[in-house]
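One structure below.
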Number of protein chains: 2
Amino acid sequence: MSRSNPRVLATLERAGGFASAQEVYQLMQREGERIGLTTVYRSLQSLLSDKIVDLLHREDGEAIYRLCGESHHHHLVCKNCGDTVEIEGGAIEKWANSMAQEHGFREVGHTAEIFGLCSKC
Amino acid sequence: MSRSNPRVLATLERAGGFASAQEVYQLMQREGERIGLTTVYRSLQSLLSDKIVDLLHREDGEAIYRLCGESHHHHLVCKNCGDTVEIEGGAIEKWANSMAQEHGFREVGHTAEIFGLCSKC
DNA sequence: TATGAAAATGACAATCATTTTCATTTATGC
DNA sequence: GCATAAATGAAAATGATTGTCATTTTCATA
């Protein structure tokens with residue numbers, strides 16, 4: 001069973017707590033850290049199963065890891081220029097919880113992202 | 001400019017209006033239709049840009065296409081057994097629209113999925 | 001009915017994220 | 001020091017998706 005390499009977590013934090021495995025790896029490379037892509041993937045998976053990060057997906061399907069404990073928010077993404085705004089999701093939390101309760105689900109999480117064209121595009 | 005092959009749309013309908021490109025392709029193969037994987041991808045993309053289908057992603061990131069006009073709903077997915085319940089998302093529509101308006105975004109869409117442990121697991 | 005331009009098709013190769021394999025290095029207890 | 005388990009990373013494997021390109025089909029018009 002592999003444990004997480006602490007530099008991976010540190011890098012994810014430095015990246016704003018929101019990045020893909022590839023991005024974490026490239027960031028570490030650029031900063032001169034000597035680490036393999038495999039280790040980055042393994043560490044992120046380990047952080048995921050320890051519930052230190054969550055997993056969600058970008059529009060193109062690429063997996064992105066988000067630090068838990070970051071205030072839970074969602075994103076409004078421009079599908080043209082990629083500009084991203086963080087937004088509050090209180091309404092979603094309530095919706096997710098009530099739906100889960102209604103259907104007898106426990107330990108629920110959710111993903112919700114909104115995409116469209118920003119005012120500039 | 002490539003137009004969508006009508007058999008692709010027909011197959012997606014037959015599949016319940018909810019399937020990945022690979023699934024549509026395999027289904028067509030099994031039913032003896034002579035079509036290439038490339039054409040399936042192209043047709044789905046074309047249906048997407050014509051707004052006849054939407055795109056969303058499975059937990060593993062694989063792209064799934066959903067027929068628009070199917071009543072818009074979301075999913076509650078058991079992360080253990082994969083069991084899925086369709087749920088209404090009226091609250092989400094409102095949230096997405098108000099957030100979009102607040103930040104000046106137009107032509108917005110959204111994805112929202114809830115996952116947890118179902119009552120059996 | 002011929003013809004030719006444009007669109008559609010599909011085999012195949014390329015790309016990209018992710019996972020697996022496996023040999024090597026590092027850490028740890030004895 | 002030594003044995004053993006854990007961690008690491010290079011390289012290959014995998015799987016979805018996209019790009020390329022030669023061929024076929026469609027279809028309006030000569």
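Not measured: the values here are computed from a predicted model. Proteins come first, then strands; the chains are lettered A, B, ... in the order of their sequence lines, and each starts at number 1. Below, each value reflects all heavy atoms present in this structure, side chains not excepted, and no hydrogens, waters or symmetry copies.
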* **Heavy-atom closest pair, residues B:L48 and B:L55** => CD1-N, 3.7 Å
* Which part of the nucleic acid does A:R34 contact within heavy-atom distance under 4.0 Å: base, sugar-phosphate only, or nothing? -> sugar-phosphate
* To do: Between D:dT8, D:dC21, C:dT18, spot the one nearest the side chain of B:R42, thanks.
  => D:dC21
* To do: Give the rounded distance in Å between these two atoms: OH of B:Y25 and C1' of C:dT9.
  => 13 Å
* Structure fact -> Taken to the nearest whole Å, CZ/A:R7 to P/D:dA7 is 14 Å
* Grab the CG-C1' distance between A:D60 and C:dT15 for me, whole Å please. => 13 Å
* Rounded distance (Å) that lies between atom C1' of D:dA16 and atom OH of B:Y65 -> 10 Å
* To do: Measure the distance from CD on B:E33 to C1' on C:dT9 and round it to the nearest whole Å.
  => 14 Å
* To do: Report the distance from atom CG of A:L37 to atom P of D:dA7, rounded to the nearest whole Å.
  => 18 Å
* To do: Give a yes or no on this: more than 12 heavy atoms of other residues, nucleotides or ligands lie within 6.0 Å of atom CD of B:Q29.
  => yes
* **Spacing of B:N97 atom CG and B:E102 atom CD [to the nearest 0.5 Å]** => 12.5 Å
* Is atom CD of B:E13 surrounded by more than 12 heavy atoms (other residues, nucleotides or ligands) closer than 6.0 Å? -> yes
* To do: Give the nucleotide from the list C:dT18, D:dT20, D:dG9 with an atom nearest to the side chain of A:Q22.
  => C:dT18
* **Distance in angstrom units between A:L44 CG and C:dA17 P, rounded** => 14 Å
* To do: Round to the nearest Å and state the distance from B:Q26 atom CD to D:dA16 atom C1'.
  => 12 Å
* To do: Give a yes/no answer on whether the side chain of B:Y41 brings an N or O atom under 4.0 Å of OP1 or OP2 in D:dT18.
  => no
* **Sugar-phosphate, base or nothing in reach of A:I35, heavy atoms under 4.0 Å** => sugar-phosphate
For residues 19-26 of chain B, tabulate all N or O donor-acceptor pairs below 3.5 Å that involve a side-chain atom, not counting sequence neighbours.
unit_1: B:S20; atom_1: OG; unit_2: B:E23; atom_2: N; d: 3.1
unit_1: B:S20; atom_1: OG; unit_2: B:E62; atom_2: OE2; d: 2.9
unit_1: B:Q22; atom_1: NE2; unit_2: B:Y41; atom_2: OH; d: 2.9
unit_1: B:E23; atom_1: OE1; unit_2: B:S20; atom_2: N; d: 3.0
unit_1: B:E23; atom_1: OE1; unit_2: B:R58; atom_2: NH2; d: 3.3
unit_1: B:E23; atom_1: OE2; unit_2: B:R58; atom_2: NH2; d: 2.8

* Is the shortest side-chain N/O distance from B:N5 to OP1 or OP2 of C:dT9 below 4.0 Å? -> yes
* Proximal nucleotide (of C:dT21, C:dC12, C:dT9) relative to the B:T38 side chain -> C:dC12
* Counting only side-chain N and O atoms of B:Q45, is one of them less than 4.0 Å from OP1 or OP2 of D:dT18? -> yes
* Asked: Distance check: side-chain N/O of A:T39 vs OP1/OP2 of D:dT8, anything under 4.0 Å?
  -> no
* Asked: A:E62 has a side chain; which of C:dA17, D:dG9, D:dG19 sits nearest to it?
  -> C:dA17
